[in-house]
Number of protein chains: 2
Amino acid sequence: MSTSKSSPYHHGDLRAALVTAALGLLEESAIETVSLRAVARRAGVSAMAPYRHYPDKEALLAAVAQTGFDRLRDVLAHADSISGPDTALLGQGVAYVQFAIENPVLFRLMFGPPRRGRHADLRTSSETAFSVLVRRMTEQTHSAGLQPRILGYWSLVHGLAMLILDGQTPVAGFETPDTEVVRQTISSMIRFD
Amino acid sequence: MSTSKSSPYHHGDLRAALVTAALGLLEESAIETVSLRAVARRAGVSAMAPYRHYPDKEALLAAVAQTGFDRLRDVLAHADSISGPDTALLGQGVAYVQFAIENPVLFRLMFGPPRRGRHADLRTSSETAFSVLVRRMTEQTHSAGLQPRILGYWSLVHGLAMLILDGQTPVAGFETPDTEVVRQTISSMIRFD
DNA sequence: GCTCTTATGTTAACATCATACACATTTAGG
DNA sequence: CCTAAATGTGTATGATGTTAACATAAGAGC
């Protein structure tokens with residue numbers, strides 16, 4: 001490998017650097033500003049270089065989304081671990097919404113137009129993230145009809161996250177959703193039986 | 001006005017025709033194929049004509065999204081009207097999800113990146129649609145803490161719709177969500193007290 | 001060390017897109 | 001009428017995603 005000259009011809013790990021660059025852009029600005037060329041610029045590389053590592057822009061975005069799901073999995077697992085058995089489910093829900101609030105553009109990308117069909121790795125990562133929620137749900141819920149409850153709870157937190165990102169919470173007193181509002185909203189919908 | 005010649009210079013009501021054309025494209029293909037030029041082509045007009053009626057592409061898409069919310073309002077109101085008082089809430093929820101399934105690209109556009117801030121009419125239409133749900137919810141729920149329940153129920157159906165559009169229902173037996181699955185999922189999460 | 005093959009990065013070129021500007025035509029108001 | 005405003009057209013510009021041809025670096029086998 002060349003010594004640390006000003007800019008070696010070969011990047012080193014451009015594949016990963018492109019994902020990092022894209023994540024950086026997603027944190028700073030809207031999704032439409034994340035052009036392939038902008039990502040390449042940020043990685044300090046020519047506009048066409050990404051095509052050596054990803055067949056097209058969609059593939060790069062899929063890799064970015066996958067990283068998002070991996071992070072979400074960690075967030076959910078951590079929230080679960082620091083909660084007692086009786087609050088773990090609520091803790092995960094709050095953490096899920098908080099993740100969306102803290103990473104709004106990334107979150108929208110993760111759940112944007114269907115990409116999972118063509119990218120198996122992405123699907124795997126997303127299912128792994130959800131399995132954290134499903135596992136706790138399975139331990140917590142003792143009633144019959146577990147499947148609808150799993151999908152229902154997941155829908156609840158996911159929808160709440162989406163609506164908050166949209167600024168769509170015109171319910172009086174819930175204009176600025178903080179952790180307490182999120183907790184209250186989720187709590188009002190769950191029961192254990 | 002010119003008689004009904006082959007193609008009069010003036011369209012007649014291009015402003016509305018553009019929204020119709022865009023809605024047509026949204027029904028047939030993905031969101032990224034809906035370019036301003038494609039909309040103009042479909043309306044049988046030059047590429048620059050839309051700018052006489054909308055300041056930019058975003059403004060046209062906002063008008064399209066607004067039409068979507070108006071339709072959603074009608075769908076919810078109709079579902080409410082054909083249900084008895086005790087099933088109206090569930091009926092609205094099922095109709096909400098069904099609307100999303102039948103108009104996936106439009107639905108994503110409606111809840112896409114924030115547009116409501118800059119388009120007051122769009123915000124009005126969306127709030128009107130939700131008020132149908134809120135009104136029924138207010139009549140139906142007798143417990144204290146109504147506000148969280150409203151936001152919670154709305155989150156539930158909205159999240160369920162989104163997850164179904166994403167193909168994100170890996171819960172066993174719920175791979176292909178039909179009306180019955182939707183009904184069951186919503187039912188499992190609501191209680192009246 | 002020397003060559004050759006492959007991986008990786010660059011430059012040039014193209015079609016499409018959103019948009020700005022100048023021009024054409026039609027309609028309406030005096 | 002006839003002039004001005006409204007509405008549609010044509011051309012031009014810069015950005016974008018993608019393809020293709022070329023350049024360079026790294027390593028394998030000798």
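Order of the sequence lines fixes the chain letters, A, B, ..., with proteins taken first and strands second; residue numbering starts at 1 for each chain.
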S.K.: If I take atom CE in residue B:Met48 and atom P in nucleotide D:dA12, what distance separates them, rounded to the nearest angstrom?
M.R.: 13 Å
S.K.: For B:Asp80 and B:Gln92, does a side-chain donor sit closer than 3.5 Å to a side-chain acceptor?
M.R.: yes
S.K.: I'd like to know if A:Asp74 pairs up with A:Arg71 as an ion pair, taking the criterion as any Lys NZ or Arg NE/NH1/NH2 lying under 4.0 Å from an Asp or Glu carboxylate oxygen.
M.R.: no
S.K.: Which nucleotide in the set C:dT19, D:dG17, C:dT10 lies at the smallest distance from any side-chain heavy atom of B:Lys57?
M.R.: C:dT19
S.K.: Taking CG from B:Leu36 and C1' from D:dA15, how many angstroms apart are they, rounded to a whole number?
M.R.: 16 Å
S.K.: Could you pick out which residue, A:Thr33 or A:Pro55, lies toward the 5' side of DNA chain D when each is mapped onto its nearest nucleotide?
M.R.: A:Thr33
S.K.: Just the rounded figure in Å: distance from C1' of D:dG17 to CD of B:Glu32.
M.R.: 12 Å
S.K.: According to the interplanar angle, ranging from 0 to 90°, do the rings of B:Phe69 and B:Phe111 count as parallel (below 30°), tilted (30 to 60°) or perpendicular (above 60°)?
M.R.: perpendicular
S.K.: Reckon A:His53 has a side-chain N or O less than 4.0 Å from the OP1 or OP2 of C:dA7?
M.R.: no
S.K.: What is the separation between atom CG on B:Leu61 and atom C1' on C:dA18, rounded to the nearest whole Å?
M.R.: 12 Å
S.K.: When the nearest nucleotide of DNA chain C is assigned to B:Arg52 and to B:Asp56 on a heavy-atom basis, which residue is associated with the more 5' position?
M.R.: B:Asp56
S.K.: Measure the distance from CZ on B:Arg41 to P on D:dG8 and round it to the nearest whole Å.
M.R.: 18 Å
S.K.: How many whole angstroms separate atom CZ of A:Arg37 from atom P of C:dA13?
M.R.: 14 Å
S.K.: Rounding to an integer number of Å, can you tell me how far B:Tyr51 OH sits from C:dA18 P?
M.R.: 7 Å
S.K.: Please state how far atom CG in B:Asp13 lies from atom C1' in C:dT27, giving the value in whole angstrom units.
M.R.: 16 Å
S.K.: For the pair B:Glu127 and B:Arg123, find out whether any cationic side-chain nitrogen is under 4.0 Å from an anionic carboxylate oxygen.
M.R.: yes
S.K.: Which of the following nucleotides, C:dC17, C:dT11, C:dT19, is nearest to the side chain of B:Ser35?
M.R.: C:dC17
